[in-house]
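Before any comments, here is the structure.
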Amino acid sequence: ALAFVLKNAGVTPVVYEASDALASGASGNPFGLYNPRLNALRTPQSDFYISAYSMALRTFATFDDVGWMPSGALHLMNDDKKERRYSQMVQNWNWDEGHMRLVDADEASEIAGIQLAFDALHLPQSGSVSLKKLCAAYMNDVDYHLNAPVDDPDSLDSDAVVLASGPGVFKFLPDLPLGKVRGQITQVRATPQSEKLKCHLCYGGYMMPAREGVHVLGSTFQRWLDHSQVLEQDDAENLDKLAQNIPGLESGLEVVDHRAAVRVTSRDHFPVVGRVSGRRDMYVSTAHGSHGIVSSIMAAHVIADMILGRPYCLGTDSVEALSPERFI
């Protein structure tokens, strides 16, 4: 994402990728669900995600084919905590109903195309995107090197270095309070009932509408694991979450594929983006967690502003909330 933003600003980025392919980590999932992070209040953190969500939508629209499916998302209000949070969110964010609104179970069912038992928060512009295609579009006309791990960033012939290396960031910045979270997605063959689904469903897990007869279910969230091996019990967990929230929809779903990956998260569950403390020419973009599709492109604009000496595209409070120096 940062290479894309810098290239468009007239800078020449060079990307060093340790693996043998782009999008080989968490971005290797076939499709990714994008939403803003759903906060009840307006804070510097929520303002970042609001801007990031809008930026992502505008960016996706510039590409011809990134598998973009903006068919909306329903976030089911399946407990009292979500009912309070989503209601406060609609009031405090004050978005137009064309972008966010609360719907009762009957209207949610009509939007989804299947029967739902819960009221929901409806985000009509939310959806999913092909992560591999998106990364390929970002890297169009960018100089990049595969199988090119970097042991010493200072050895690179560059004006600035950005550490945007997922779990690889631990090697370079071991003092940042970061952690790893493993997640596994499950792909299932659609049934005559499930293929009626017209939008994305979020319920503590998620289900995407079928593409070429296959749904993506996700995702487990395991802080205690840091490997990417597929676990059969995780497929069962993803199906069980679906069954708990939309009973019967799981019936007949056949697992056809699955994938696990490790994401990076921070102690305060917010990305770490900005200049590395004590280094004039080194920056970091990490800890995007499960919202990396939207947060990574906004982070790219923030770091580009810093590198190029431009006015910030975000408010100062949000930029300071992102900074690695917040942990000092």
Side-chain angles (χ1 to χ4, degrees), residues 1-7 13-34 56 59-60 63 65-68 128-153 156 161-173 178-187 208 211 214 216-223 225-231 234-235 238 256-266 271-273 283-297 299-300 303:
L2 179 58
F4 169 75
V5 172
L6 289 173
K7 179 195 66 177
V14 180
V15 174
Y16 296 90
E17 167 60 49
S19 69
D20 60 0
L22 297 176
S24 60
S27 297
N29 288 346
F31 297 98
L33 178 66
Y34 64 86
T59 304
F60 298 161
F63 298 128
D65 179 22
V66 290
W68 186 25
S128 57
V129 66
S130 166
L131 299 174
K132 288 188 176 182
K133 288 184 177 181
L134 179 62
C135 288
Y138 282 156
M139 295 296 287
N140 186 40
D141 291 331
V142 170
D143 181 14
Y144 65 90
H145 304 269
L146 302 177
N147 295 309
V150 174
D151 293 321
D152 179 13
L156 299 175
V161 172
V162 183
L163 307 174
S165 48
V169 75
F170 291 91
K171 177 172 68 174
F172 303 114
L173 301 175
L178 303 176
K180 298 177 183 179
V181 176
R182 178 190 175 279
Q184 181 169 316
I185 58 110
T186 303
Q187 293 176 265
M208 299 184 189
R211 297 183 192 239
V214 175
V216 175
L217 305 180
S219 165
T220 59
F221 190 87
Q222 297 144 316
R223 294 184 179 279
L225 297 177
D226 62 357
H227 66 76
S228 57
Q229 300 171 19
V230 169
L231 303 175
D234 283 11
D235 291 334
N238 286 331
V256 295
D257 206 350
H258 33 215
R259 189 176 188 275
V262 177
R263 297 185 294 258
V264 177
T265 187
S266 68
V272 178
V273 177
Y283 304 80
V284 63
S285 180
T286 191
H288 293 278
S290 58
H291 291 84
I293 297 174
V294 296
S295 60
S296 58
I297 186 64
I303 291 178

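We number each residue from 1, following the sequence as shown.
The side chain to side chain contact (heavy atoms under 4.5 Å, CB included) with Ser219 is formed by just one residue from the set Thr186, Asp234, Ile185; it is Ile185.
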Check the pair Val214, Val216 against side chain to side chain contact (heavy atoms under 4.5 Å, CB included), reporting the backbone distance first and the verdict last. CA-CA 7 Å; Val214 175; Val216 175; 5.5 Å; no
Criterion side chain to side chain contact (heavy atoms under 4.5 Å, CB included) on Leu156 and Tyr16, from CA distance to verdict: CA-CA 10 Å; Leu156 299 175; Tyr16 296 90; 3.9 Å; yes
Show your working on side chain to side chain contact (heavy atoms under 4.5 Å, CB included) between Ile303 and Val284 and close with a plain yes or no. CA-CA 8 Å; Ile303 291 178; Val284 63; over 6 Å; no
List the steps and the verdict of side chain to side chain contact (heavy atoms under 4.5 Å, CB included) for Ile293 and Phe60. CA-CA 11 Å; Ile293 297 174; Phe60 298 161; 3.6 Å; yes
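Side-chain polar atoms of His288 and Ser296 form no donor-acceptor pair below 3.5 angstrom.
Note that CD of Glu17 is 12.0 Å distant from NE2 of His145, once rounded to the nearest 0.5 Å. Taken to the nearest 0.5 Å, the CZ atom of Phe172 stands 7.0 Å off from the CG atom of Asp151. To the nearest 0.5 Å, atoms NZ (Lys180) and NE2 (His227) are separated by 12.0 Å. For the atom pair Tyr34 OH and Leu131 CG, the distance stands at 12.0 Å (nearest 0.5 Å). For the atom pair OG (Ser128) and CZ (Arg211), the distance works out to 4.0 Å, reported to the nearest 0.5 Å. From Trp68, atom CH2 reaches atom CG of Leu134 across 11.0 Å, with rounding to the nearest 0.5 Å.
Closest approach of Arg182 to Leu225, counting heavy atoms only: CB-O, 3.5 Å. Nearest heavy-atom pair across Ala299 and Val273 is CB-CG2, 3.6 Å. The nearest pair of heavy atoms linking Asn238 to Gly218 is OD1-C, 3.8 Å. Across Ala300 and Leu2, no two heavy atoms sit closer than the pair O-CD1, 3.3 Å. Nearest approach of Met208 to Leu33, heavy atoms of both residues: CE-N, 3.5 Å. Looking at every heavy atom in both residues, Lys7 comes nearest to Asp141 through CD-O, 4.0 Å.
Arg263 contributes no side-chain N or O that, together with a main-chain N or O of Gly292, makes up a donor-acceptor pair within less than 3.5 Å. Put simply, the side chain of Thr220 gets close to the backbone of Gln184: a donor and an acceptor are under 3.5 Å apart. With hydrogens and angles ignored, the 3.5 Å screen pairs no side-chain donor or acceptor of Asn29 with any backbone N or O of Ala261.
Ring geometry for Tyr138 against Phe4 counts as tilted: the plane angle lies between 30° and 60°, on a 0 to 90° scale.
Remark: Lys133 is not positioned above the aromatic ring of Phe63, lacking an NZ or CZ atom under 6.0 angstrom from the ring centre and at most 45 degrees off the axis.
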